[in-house]
Number of protein chains: 2
Amino acid sequence: MEESCSTVETALEILVGKWKPVILYHLFTSGTMRFSELQRALPNITKKMLTSQLRELEYHDIVHRKIYMQIPPKVEYSITEYGLKMGPLLQAMNDWGTSHMQHLNELYGDDRKVQALEAIQD
Amino acid sequence: MEESCSTVETALEILVGKWKPVILYHLFTSGTMRFSELQRALPNITKKMLTSQLRELEYHDIVHRKIYMQIPPKVEYSITEYGLKMGPLLQAMNDWGTSHMQHLNELYGDDRKVQALEAIQD
DNA sequence: CAGAATCCGATAAGATACTG
DNA sequence: CAGTATCTTATCGGATTCTG
């Protein structure tokens with residue numbers, strides 16, 4: 001009974017964290033990226049946050065971390081094969097989110113949109 | 001470009017908050033519920049949290065709030081017609097979450113499951 | 001380059017008491 | 001009954017500094 005909502009929470013668990021959707025977006029569209037590339041793609045994220053978010057995604061087997069044993073260090077991140085299965089879900093969330101923003105605009109006007117864009121800043 | 005992930009965040013926005021998925025679950029399955037019924041269904045939530053989560057869902061036009069002008073007060077909550085459109089998304093998240101819990105079990109064993117169940121407690 | 005470690009402020013969430 | 005108000009605690013996220 002309660003399980004049927006705790007599983008929704010499982011899905012949320014791996015998505016929450018202010019930066020995970022953006023990180024996944026970049027990894028899905030760009031394929032393999034180095035740590036520093038991700039930093040450049042997300043100008044406002046700190047190393048600490050980027051590291052922690054990636055580690056959580058790695059724990060969930062969504063993101064793969066490949067370490068090159070060399071100096072200077074080189075680490076590449078990519079979506080795992082299992083992680084690719086999330087694609088449709090992310091797409092569904094994206095689609096719903098898009099139409100919901102439209103719905104909010106119809107209800108309250110476009111002010112909210114401005115706020116949202118200001119809140120992102122990257 | 002960045003919009004394609006900010007809309008995912010829009011979807012997350014209305015789902016995050018520790019209790020929203022459970023609240024939606026109950027309203028989806030039980031239809032109309034009074035405030036006190038929701039309290040009984042979610043033994044561990046405080047009135048403050050229940051109120052705030054419901055108000056946010058109301059703002060997003062997912063939940064409808066019907067006030068009966070009488071004493072003692074009576075307020076009924078239900079999913080709006082627009083909110084019903086979230087059903088498939090919630091179902092998709094639920095499905096993915098279910099299979100992901102299974103995946104985590106395969107990766108790390110069933111210890112996690114126990115933790116998750118302990119964490120819910122309702 | 002890719003982080004780890006520490007500190008600190010902001011926000012979310014819980015406990016408790018009060019009210020029309 | 002269905003909240004509100006206030007206070008405290010826990011968690012999250014950001015800034016800064018240090019390192020192999």
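All heavy atoms count here, side chains included; hydrogens, waters and symmetry mates do not. Each chain gets a letter, A, B and so on, in the order its sequence line appears, and its residues count up from 1.
The environment of B:Ile71 atom CD1 is sparse: at most 12 non-hydrogen atoms of other residues, nucleotides or ligands sit within 6.0 angstrom.
No N or O donor and acceptor, one from the side chain of B:Lys48 and one from the base of D:dG3, sit under 3.5 Å apart. Interface remark: the A:Lys47 side chain does form a donor-acceptor pair with the C:dA2 base, using a distance-only criterion of under 3.5 Å.
Comparing C:dC1, D:dG3, C:dG14 by their closest approach to the side chain of A:Pro72 singles out C:dC1. In this structure, of D:dG20, C:dG3, D:dG13, it is D:dG13 that holds the atom nearest to the side chain of A:Met49.
Side chains of B:His26 and B:Glu37 form no contact here, defined as non-hydrogen atoms less than 4.5 Å apart. With contacts defined as side-chain heavy-atom distances shorter than 4.5 Å, the pair B:Leu107/A:His60 does not qualify.
When rounded to the nearest whole Å, the span between CD1 of A:Ile67 and C1' of C:dA2 equals 10 Å. A:Tyr77 has its OH atom 15 Å from the P atom of C:dC1, to the nearest Å. As rounded to whole Å, 10 Å separates atom C1' of D:dC12 from atom NZ of A:Lys18. Put simply, CG on B:Leu42 is 14 Å from P on C:dA13, counting in whole angstrom units. Between B:Leu50 atom CG and C:dA15 atom P there is a gap of 14 Å when expressed in whole angstrom units. Rounded to an integer number of Å, the gap from CG of A:Asn44 to P of D:dG13 is 15 Å. Look at CD on A:Glu76: it is 16 Å from C1' on C:dG3, rounded to the nearest Å. Counting to the nearest Å, the P atom of C:dT11 and the CD atom of B:Gln53 are 17 Å from each other.
Taking 4.0 angstrom as the limit, B:Trp19 places a side-chain polar atom (N or O) nearer than this to OP1 or OP2 of C:dG14. Look at A:Arg34 and you'll find a side-chain N or O under 4.0 angstrom from OP1 or OP2 of C:dA2. The phosphate of C:dA13 has neither OP1 nor OP2 within less than 4.0 Å of any side-chain N or O from B:Ser52. In this structure, B:Thr46 does not reach the C:dA15 phosphate: none of its side-chain N or O atoms is under 4.0 Å from OP1 or OP2. Applying the 4.0 Å criterion to OP1 and OP2 of D:dA2, one finds that B:Arg55 has every side-chain N and O outside that range. Distances shorter than 4.0 Å separate some side-chain N or O of B:Arg65 from OP1 or OP2 on D:dG3.
Between the CG atom of B:Leu54 and the CE atom of B:Met49 there is a distance of 10.5 Å, given to the nearest 0.5 Å.
The residue B:Tyr68 sits apart from the nucleic acid: no heavy atom pair falls under 4.0 Å.
Judged purely by distance below 3.5 Å, without hydrogens or angles, the side chains of A:Tyr82 and B:His100 pair a donor atom with an acceptor atom.
For A:Pro73 and A:Val16, each mapped to the nucleotide of DNA chain D holding its nearest heavy atom, the one lying further toward the 5' end belongs to A:Val16.
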